[in-house]
Chemist: 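Before anything else, here's the structure in question.
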2 protein chains.
Amino acid sequence: MTTPASATKASTPGAPKTARGARTRARILQAAEETFGALGYHRAGITDITRAAGVAQGTFYTYFGGKEEILRELVLDMGHKVRAHLAAKILGARDRMEAEERGLRAFLEYLAAHPSLYRVLQEAQFVDEAIYRDYYETFSRGYADMLDNASRKGEIRPGNNEHRAWALMGLSHFLGMKYALWDQRDNFDDIVATLSDLFHNGLPLSGRDKP
Amino acid sequence: MTTPASATKASTPGAPKTARGARTRARILQAAEETFGALGYHRAGITDITRAAGVAQGTFYTYFGGKEEILRELVLDMGHKVRAHLAAKILGARDRMEAEERGLRAFLEYLAAHPSLYRVLQEAQFVDEAIYRDYYETFSRGYADMLDNASRKGEIRPGNNEHRAWALMGLSHFLGMKYALWDQRDNFDDIVATLSDLFHNGLPLSGRDKP
DNA sequence: CGAAAATATGAATCAGTTGTCATATTGAGA
DNA sequence: TCTCAATATGACAACTGATTCATATTTTCG
């Protein structure tokens, strides 16, 4: 339907004004994450969400303007959580190389533990592309900044760190999809080792190219 | 709805038995690619597809079992085309390293020229995950085989080429999404150069680690 | 040319969903 | 305890969009 021209869509209701309200809202949000994660955005009905939350359909609209809005909220929320998790896991790294390894491992582990993240985020792309782009543009900016710092410190080669950031995000994304979600591994040592080797030495046999 | 247990979905109608039929079917397939690409799978109605193809709604069901089926067909078709394109572009490469550069460039150019590919494929993931997985599993197998060959020839370091294949696919995917689709660039020299440097030297300043 | 098969048509059916609303319940503060 | 604003309820109105089907039209080929 996509906003049938002149109609519907009650815009964001105000925030809850009671402890009870806050609790209910949180339950619905949580239920939405699970339901979207399990069924996907389109197959999941408001009914499924409210049933999972243990409230009546109508209650949904006390806190959220509609299906799209709760998805947006979810994506924002997830973005914060992932970044916080990765930041924490990277914290003690000696240099950028170690940070990359830790970051990759942390991402894979996070994805294995929170598979809904992936599905909700990826599906958001087709519901509201802007929020999906924001997620990755924000992420990539932070990533590129860290690489720039490492460049300045002489820890990594000079080069276009924006390009590198997108490449590295993509690589994590696919490795996560394949090994954490599809194959459902719980040990990522060998994967991290393979990528670590790539980061350190590139692909060629000996690193004797342009130094 | 997800196949309501006991119902609907007329299974694949037979192939057209007339030149006219073949033409009509092709027109619908083409229209579906454009329509899904422009509106997305869910927002695109059968109506939109048939209108774009210049036929009546009912005609659609003469050739396709339903909306999901035409999507499947599209994904399969696209898979063949991309692989053919990349294979052709890589053909004359002297070594694996050059093949990687050419492959990345070819992928970015293909995506810029066929943006529907991306959208249809990515969205297929949430309509019929199996076909999406097949697409990438097939692709990755071929990719890993090529890397294995290069390993044997001593062109690249030994290592887990399956992991590498997924990492390389992911990296291309994200670079394509960002630069070909979102930023709509038409020149990818600098991106290919950045990644070429990564492939040759890894990230660290000098390549003097474990040789 | 004259069936018979293959195609084409589009109105009607049918299932399923979102978002609304009038009505009840709850609980915090006076 | 009483009152009122905040919440909760769930039946239902209003739509959307996929698929079907009885009915034309076109093509093939004997």
Side-chain angles (χ1 to χ4, degrees), chain A residues 1-29 31-32 35-36 39-72 127-128, chain B residues 1-29 31-32 35-36 39-73 123 127-128:
Chain A
M1 25 113 242
T2 323
T3 322
S6 68
T8 31
K9 207 57 54 67
S11 42
T12 323
K17 303 181 174 175
T18 298
R20 178 171 61 137
R23 240 175 301 141
T24 303
R25 198 192 125 101
R27 282 229 309 284
I28 295 175
L29 203 58
T35 308
F36 285 156
L39 304 180
Y41 177 81
H42 285 96
R43 284 192 265 269
I46 301 295
T47 312
D48 298 308
I49 297 174
T50 53
R51 190 185 313 123
V55 301
Q57 277 104 300
T59 305
F60 180 92
Y61 295 93
T62 303
Y63 300 106
F64 301 96
K67 210 180 169 186
E68 285 200 14
E69 193 187 297
I70 201 172
L71 181 71
R72 267 188 286 272
V127 177
D128 180 352
Chain B
M1 25 118 241
T2 325
T3 320
S6 67
T8 30
K9 208 57 56 67
S11 41
T12 322
K17 302 180 174 176
T18 296
R20 176 170 64 138
R23 242 174 300 141
T24 303
R25 199 191 123 101
R27 283 229 309 282
I28 295 175
L29 203 59
T35 308
F36 285 155
L39 304 180
Y41 178 80
H42 287 96
R43 285 193 263 269
I46 299 297
T47 311
D48 298 308
I49 297 173
T50 52
R51 191 184 313 122
V55 301
Q57 276 104 299
T59 305
F60 179 92
Y61 295 91
T62 303
Y63 300 105
F64 302 96
K67 207 179 170 186
E68 286 199 14
E69 193 188 296
I70 201 172
L71 181 71
R72 266 188 286 274
E73 193 120 348
E123 224 170 344
V127 177
D128 180 352

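Each chain gets a letter, A, B and so on, in the order its sequence line appears, and its residues count up from 1.
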Chemist: Name the closest nucleotide to the B/Lys17 side chain, picking from D/dA6, C/dA6, C/dT18.
Modeler: C/dA6

Chemist: Using whole Å, what does the distance between atom C1' of nucleotide C/dA6 and atom CZ of B/Arg20 come to?
Modeler: 7 Å

Chemist: What residue among A/Arg25, A/Arg27, A/Glu69 forms side chain to side chain contact (heavy atoms under 4.5 Å, CB included) with A/Tyr63?
Modeler: A/Arg25

Chemist: Under 4.0 Å, counting only non-hydrogen atoms across every strand here, what does A/Ala44 touch: a base, just sugar-phosphate, or nothing?
Modeler: sugar-phosphate

Chemist: Angle class for the B/Tyr41/B/Phe36 ring planes (parallel below 30°, perpendicular above 60°, tilted otherwise)?
Modeler: tilted

Chemist: Identify which nucleotide among C/dG19, C/dG10, D/dA18 has an atom closest to any side-chain atom of B/Tyr61, counting heavy atoms from C-beta outward.
Modeler: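 Of the candidates, D/dA18 comes closest.
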
Chemist: Any side-chain N or O of B/Tyr63 below 4.0 angstrom from OP1/OP2 of C/dA8?
Modeler: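 Looking at the OP1 and OP2 atoms of C/dA8, one of them is under 4.0 Å from a side-chain N or O of B/Tyr63.
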
Chemist: Taking CG from B/Leu39 and C1' from D/dT16, how many angstroms apart are they, rounded to a whole number?
Modeler: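 In whole Å, D/dT16 C1' lies 15 Å from B/Leu39 CG.
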
Chemist: Output the single nucleotide from D/dT28, D/dT19, D/dA6 whose closest atom is nearest the side chain of B/Thr18.
Modeler: D/dT28

Chemist: Can B/Asp128 and B/Leu71 be said to form a side chain to side chain contact (heavy atoms under 4.5 Å, CB included), step by step?
Modeler: CA-CA 9 Å; B/Asp128 180 352; B/Leu71 181 71; 5.8 Å; no

Chemist: Looking only at side-chain atoms of A/Ile46, point me to the closest of C/dT18, D/dA18, D/dT9.
Modeler: C/dT18

Chemist: Using only side-chain N and O atoms of B/Thr59, determine if any of them is under 4.0 Å from OP1 or OP2 of C/dT9.
Modeler: yes

Chemist: Measure the distance from CD1 on A/Ile70 to C1' on C/dT18 and round it to the nearest whole Å.
Modeler: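 Distance check: A/Ile70 CD1 to C/dT18 C1' gives 14 Å.
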
Chemist: Would you name the heavy atoms of B/Ile70 and B/Ala32 that are closest together and state the gap between them?
Modeler: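 It is CD1-CB, 3.6 Å.
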
Chemist: Taking the side chain as every heavy atom from C-beta outward, state whether B/Ile46 and B/Tyr61 have any pair of such atoms under 4.5 Å apart.
Modeler: yes

Chemist: Within this structure, what is the CD1-to-C1' distance between A/Ile49 and C/dT18, rounded to whole angstrom?
Modeler: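 Roughly 11 Å, once rounded to whole Å.
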
Chemist: Starting from P on D/dA18, measure out to CZ on B/Phe60 and report it in whole angstrom.
Modeler: 9 Å

Chemist: Which one, D/dA6, D/dT19, C/dG10, comes nearest to the side chain of B/Ala56?
Modeler: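 Selected nucleotide: C/dG10.
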
Chemist: Mapping B/Gly58 and B/Gly21 onto DNA chain C by nearest heavy atom, which one lands closer to the 5' end?
Modeler: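 By nearest-heavy-atom nucleotide position, the 5'-most residue is B/Gly21.
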
Chemist: What is the distance, to the nearest angstrom, from the OH atom on A/Tyr41 to the P atom on C/dT17?
Modeler: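 Taking atom P of C/dT17 as the reference, OH of A/Tyr41 is at 13 Å.
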
Chemist: Can a side chain N or O of B/Thr24 be found less than 4.0 Å away from OP1 or OP2 on C/dA8?
Modeler: yes

Chemist: Atom CZ of A/Arg23 and atom C1' of C/dT26: how far apart are they, to the nearest Å?
Modeler: 12 Å

Chemist: Rounded to whole Å, how long is the line connecting atom CZ of B/Phe64 with atom P of C/dT7?
Modeler: 13 Å

